[in-house]
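Not measured: the values here are computed from a predicted model. Every chain is numbered from 1, with letters handed out A, B, ... down the list of sequences.
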2 protein chains.
Amino acid sequence: MEAKWPEGLKKTKQRTDVYEVLLGAEAPMSAVDIFKKVPDYALSTIYRILASFEKYDMVIKSNLPGEDNSVYELNRGGHTHYAMCLKCHELVPLKKCPFEHVDIQTEENDFEITSHKIEIYGYCSKCK
Amino acid sequence: MEAKWPEGLKKTKQRTDVYEVLLGAEAPMSAVDIFKKVPDYALSTIYRILASFEKYDMVIKSNLPGEDNSVYELNRGGHTHYAMCLKCHELVPLKKCPFEHVDIQTEENDFEITSHKIEIYGYCSKCK
DNA sequence: AATGCAATTGCGAACTATTCGCATTTAAAA
DNA sequence: TTTTAAATGCGAATAGTTCGCAATTGCATT
C-alpha cells in the first residue's frame, strides 16, 4: 500500500494500481497480464507506466526467449534470477545469484561489467 | 565451405549461403543483418532457414534486451557468452563460461536444469 | 478553493519483427 | 528422368509495442 515512491514520478490512479499489481505478483508479468488485472486502463498506458517505472529503476524488464513479449517485475533490491520450465513456462526463483563469488572475464580485458542477467532452463518438478 | 551438415536437413543454395554468412560472422547477427548479405533471398526465407537451423541445433538464437529483435550465431560447440556494451552495443565474448564450477539451486528443489543463457552488461574499453 | 500548466491518459492508428498461406520451384530418392 | 515432399518467394497477416493528439488530471501556486 504505502511504499517508497520515487521523487519526481507523478502519482496517478493508474500508476498506483499497476504498482499494486506488481507488488502482489510473485513472478514477472507481461504488460498484457497486468492489463487483465486493470482492464479499465488503456494497454498503451500500461506500457507507458512500465516504461516510466523502468526509468526510475522501480521495475526490471526481461525478455524470455520462446516468449515474444517482455515481462516486468518489481525491483525489490536484492536481485533475483529465475529458472524457466521449458514445458509449462513456470518461473522458479533461484535461491541465490550464482555469480555471487564468481569473477567474470571478457576477452577484452578492459570491459567494465555493471550488471547481468541469467536465464536458466530445464524442467520443473511437475513437468519432468 | 565443406562442414558438417545435419542428416535430414535438405541442402539448398539459400541455406548454404546463410550458413556461410554465419560462419564468417564473429558476432551474432539478426535476420535482417543476414538478409543484407544475401539480398536475393526473401526475408521470410531467412527466418525459416534460421528456424530450421535452430531445430537442428546449428544456431543459437538470443534476444538481447534493448534490441527488439533476435540474433543468431552458429553453434560452434563449446558454448560462448557475451558481454554487451550499453553504449555502443558491441558484443565482447567471455573467456569462459562463468557457470563452469558453480552449482545453481532453485527454490523448487526438484528443478532439472538443462541449459542456461547469460547476459553481461557494462562498458567496453572504448566507451567507458 | 480556484487557477494554470505540464505531465498523463485514452483511443486508435502506425510500426516492426516475425509468421503464414499458397502457388511455384527444387533437392534428392526411386 | 520421374516423382514427391520439402523449400522458396511473395505478399498479406499477426502480435507486441510505440506514437500522435486531443482530453483529462495531478499538483504547485495563488
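Each end of the helix from C:dA1-D:dT30 to C:dA30-D:dT1 gets its own rotation axis from five pairs of C1' atoms, and the angle between them is 30° to the nearest 10 degrees.
Rounded to whole Å, the distance from NZ on A:Lys10 to P on D:dT25 is 12 Å. In this structure, A:Leu50 places its CG atom 15 Å from P of D:dG16, rounding to the nearest Å. Atom P of nucleotide D:dT17 and atom CD of A:Glu67 are separated by 11 Å, given to the nearest angstrom. For the pair A:Phe35 CZ and D:dG16 P, the interatomic distance rounds to 12 Å; values are reported in whole Å.
For the residue pair B:Ser125 and A:Glu108, a side-chain donor N or O sits within less than 3.5 Å of a side-chain acceptor on the partner.
Looking only at side-chain heavy atoms (C-beta outward), B:Met58 and B:Leu9 come within less than 4.5 Å of each other. Considering only heavy atoms from C-beta on, B:Tyr19 comes within 4.5 Å of B:Trp5 through its side chain. In this structure, the side chains of A:Glu90 and A:Met84 stay at 4.5 Å or more apart for every pair of heavy atoms. Two residues are said to be in side-chain contact when any heavy atoms from C-beta on lie closer than 4.5 Å; B:Val21 and B:Asp33 fail this criterion. At least one side-chain heavy atom of B:Val59 sits under 4.5 Å from a side-chain heavy atom of B:Leu74.
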message: Does the protein touch nucleotides 9-19 of chain C at the base, only the backbone, or not at all? Give it as B, S and - per nucleotide, heavy atoms under 4.0 Å.
response: BBBB----SBB
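Taking each heavy atom of B:Glu54 and B:Lys61 in turn, the nearest pair found is OE2-CB, 3.6 Å.
Within 6.0 Å of NZ on A:Lys117 lie more than 12 heavy atoms contributed by other residues, nucleotides or ligands.
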